[in-house]
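The first residue of the sequence shown is numbered 1, and numbering continues consecutively from there.
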Amino acid sequence: MQPSAHIVISGLAVEDCGGYIATCNRSGNRWSYSPADELLAAPAQGADGPLVFWLYRAPWQLPLGASVADDWLALHRRLLRGRAAFGGRLVLINADAEQPLDVMTSLGLASDGIAPPMSITSGPTLDAGMSALLAKAFDWAAPEFWDVFEALESAAPPTGRTPLFRSALQAPGSDQVLALQRLVAAGAQAPALASDLLSVQHQLNAAQQLAEQGRSQVSALEGENELQLLQLHQVQEELEQGFLDHRKQLAQADVLQAEQAGLQAKLQEELKQLAEKLSVSAEALTAAQQTADQGRHQVSELESENELLLLQLHQVQEELEQYFLDNRQLQQVMGQSRHSLDRARHLISRLMLPAQDGSAAQGLALKAS
């Protein structure tokens, strides 16, 4: 055989063939994997097909379970019956006894300079003593497995190693027998442990259901909390807006109060000035009345003074009317000062009546004279 061959790897699961796949890659050989059932259902015919590496393990090296052992027995019986269909291209390899690089080198498919892979298979392996003890147990309890295994081993291993036959098995030591006894005792306790495990699993499932219910309730509470927080934020925003509006209204009220105080002060000052003018007019009228009896020669002067006083009175009246109009405008802006303006208006009216009465009396006096 020459290097760079096409190799079909089968027999074991693909994860248990990692050492041979890695060696094929490092040696430059093409490889493909085929499940055992598919390969036996349609084996390639003739001598020109790809080389077939069939990897097998001893039945006592397999995982526990009667179905696994029965499947192994049926599968390898089919293989032995159909060997002729492969036309001499079938290479049987004990995966626990052969190194991938040794197999490839003995077949001329690799050189010694290639680094060997890290491990042969990924499956579990037993120490030599325990493996021999289990092999003896298979010989005593299920010799048909040994018949098939010896048929596989007798097919001349490619590396030239000595095949493993039941006649070559050595008696196990006492420590291996005691170890097997402990394993059997542990196996006897397995149903009880499985029952306990099932009970724990049920409890765990119940706890998970409770946890799921708790998570659902927490989720619902979180939703309610989010809604309440949203409502709280809305109320807070409304309160803040109300506070700002109230503060704004207070500022406006302060401004209006200051304006009202200014208007009241101005009105009081104007009323004071008006009272002073009225006082002067009253004094002038009184003096005129006192001097009217002194003689007719003063009539013209009194009439002139009277006309002057009337003119001043009219001016005062016009100013009062103007003040009244101004006060009415102020009354529209400052509704609260209306009462004060009414009192001022009433006071002004009362001040005007004596002046008019004095003028009328002076006229009557002049006519009588």
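Applying the salt bridge (Lys or Arg N to Asp or Glu O under 4.0 Å) test to residues at least two apart or on different chains, the pairs with a partner in residues 268-279 are K277-E319. Contacts classified as salt bridge (Lys or Arg N to Asp or Glu O under 4.0 Å) and involving residues 27-36 (residues at least two apart or in different chains) are not found. Every pair passing side-chain hydrogen bond (donor to acceptor under 3.5 Å, both in side chains) that includes a residue from residues 245-254 is listed here, sequence neighbours excluded: Q241-D245.
Side chain of S279 to backbone of A275: no donor-acceptor contact under 3.5 angstrom is found. At distances below 3.5 Å, at least one donor-acceptor pair connects side-chain atoms of R89 with backbone N or O atoms of P50. At distances below 3.5 Å, at least one donor-acceptor pair connects side-chain atoms of N29 with backbone N or O atoms of L109. In this structure, the side chain of S10 engages the main chain of S34 through a donor-acceptor pair within 3.5 Å.
Under the salt bridge (Lys or Arg N to Asp or Glu O under 4.0 Å) criterion, E150 pairs with R166, sequence neighbours left out. Partners of W31 by side chain to side chain donor-acceptor pair (under 3.5 Å), not counting sequence neighbours, listed by chain and number: N25. Remark: F149 engages W60, W146 in a ring pair (Phe, Tyr, Trp, His ring centres under 6.0 Å) (not counting sequence neighbours). A search for side-chain contact (heavy atoms from CB on, under 4.5 Å) contacts involving S106 returns P158, T159, not counting sequence neighbours. With sequence neighbours left out, L347 forms a side-chain contact (heavy atoms from CB on, under 4.5 Å) with L351. Y323 is linked by a ring pair (Phe, Tyr, Trp, His ring centres under 6.0 Å) to nothing, counting only residues two or more places apart in sequence or in another chain. Residues meeting the salt bridge (Lys or Arg N to Asp or Glu O under 4.0 Å) test with R161, sequence neighbours left out: E98, E153.
Put simply, CD on Q317 and CG on L274 are 11.0 Å apart, with the number rounded to the nearest 0.5 Å. For the atom pair CG of L232 and CG of L239, the computed distance is 9.5 Å after rounding to the nearest 0.5 Å. A distance of 5.0 Å separates SG in C17 from CG in L12, rounded to the nearest 0.5 Å. Here H76 contributes atom NE2 and L152 contributes atom CG; the two are 5.5 Å apart, rounded to the nearest 0.5 Å. Going from atom CG of L80 over to atom CZ of R77 covers 9.5 Å, rounded to the nearest 0.5 Å. Note that the CD atom of Q61 and the CG atom of D96 stand 5.0 Å from one another [nearest 0.5 Å].
Two different hydrophobic clusters hold L320 and V280 under the rule that ILVMFWY side chains link at heavy-atom gaps under 4.5 Å.
In this structure, L164 and N94 have side chains that are not in contact, with every pair of non-hydrogen atoms separated by 4.5 Å or more. Looking only at side-chain heavy atoms (C-beta outward), L55 and I9 come within less than 4.5 Å of each other. Inter-residue side-chain proximity for Y20 and V103 is flagged as met; some heavy-atom pair is nearer than 4.5 Å. The closest side-chain heavy-atom distance from L278 to M352 is not below 4.5 Å. Within the 4.5 Å cutoff, no side-chain heavy atoms of L311 are placed close to those of L309. Inter-residue side-chain proximity for I348 and F324 is flagged as unmet; no heavy-atom pair is nearer than 4.5 Å. Side-chain contact between W54 and I93 is absent, with no heavy-atom pair separated by less than 4.5 Å. S154 has its side chain within reach of F165: a pair of non-hydrogen atoms, C-beta onward, lies under 4.5 Å apart.
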Derivation of the side chain to side chain contact (heavy atoms under 4.5 Å, CB included) call for F145 and L73: CA-CA 6 Å; F145 285 89; L73 185 62; 3.8 Å; yes
Stepwise side chain to side chain contact (heavy atoms under 4.5 Å, CB included) check, L308 with Q312: CA-CA 6 Å; L308 179 60; Q312 292 177 351; 3.9 Å; yes
Side chain to side chain contact (heavy atoms under 4.5 Å, CB included) between Y56 and V148, worked out: CA-CA 11 Å; Y56 66 90; V148 175; over 6 Å; no
Pair L101-T105, side chain to side chain contact (heavy atoms under 4.5 Å, CB included): steps then yes or no: CA-CA 6 Å; L101 184 58; T105 302; 3.9 Å; yes
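With side-chain heavy atoms closer than 4.5 Å counting as contact, directly or through intermediates, the hydrophobic cluster containing F243 also holds L244.
More than 12 heavy-atom neighbours from other residues, nucleotides or ligands sit within 6.0 angstrom of CZ on R78. Heavy-atom neighbours of E144 CD from other residues, nucleotides or ligands within 6.0 Å: above the threshold of 12.
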Which atom pairs, donor and acceptor, lie under 3.5 Å between side-chain atoms of residues 204-226 and protein residues at least two apart or in another chain?
{"from": "N205", "atom 1": "OD1", "to": "Q201", "atom 2": "NE2", "distance (Å)": "3.2"}
{"from": "N205", "atom 1": "ND2", "to": "Q201", "atom 2": "O", "distance (Å)": "3.3"}
{"from": "E212", "atom 1": "OE1", "to": "R215", "atom 2": "NE", "distance (Å)": "3.4"}
{"from": "E212", "atom 1": "OE1", "to": "R215", "atom 2": "NH2", "distance (Å)": "2.5"}
{"from": "S216", "atom 1": "OG", "to": "E212", "atom 2": "O", "distance (Å)": "3.0"}
{"from": "N225", "atom 1": "ND2", "to": "L221", "atom 2": "O", "distance (Å)": "3.2"}

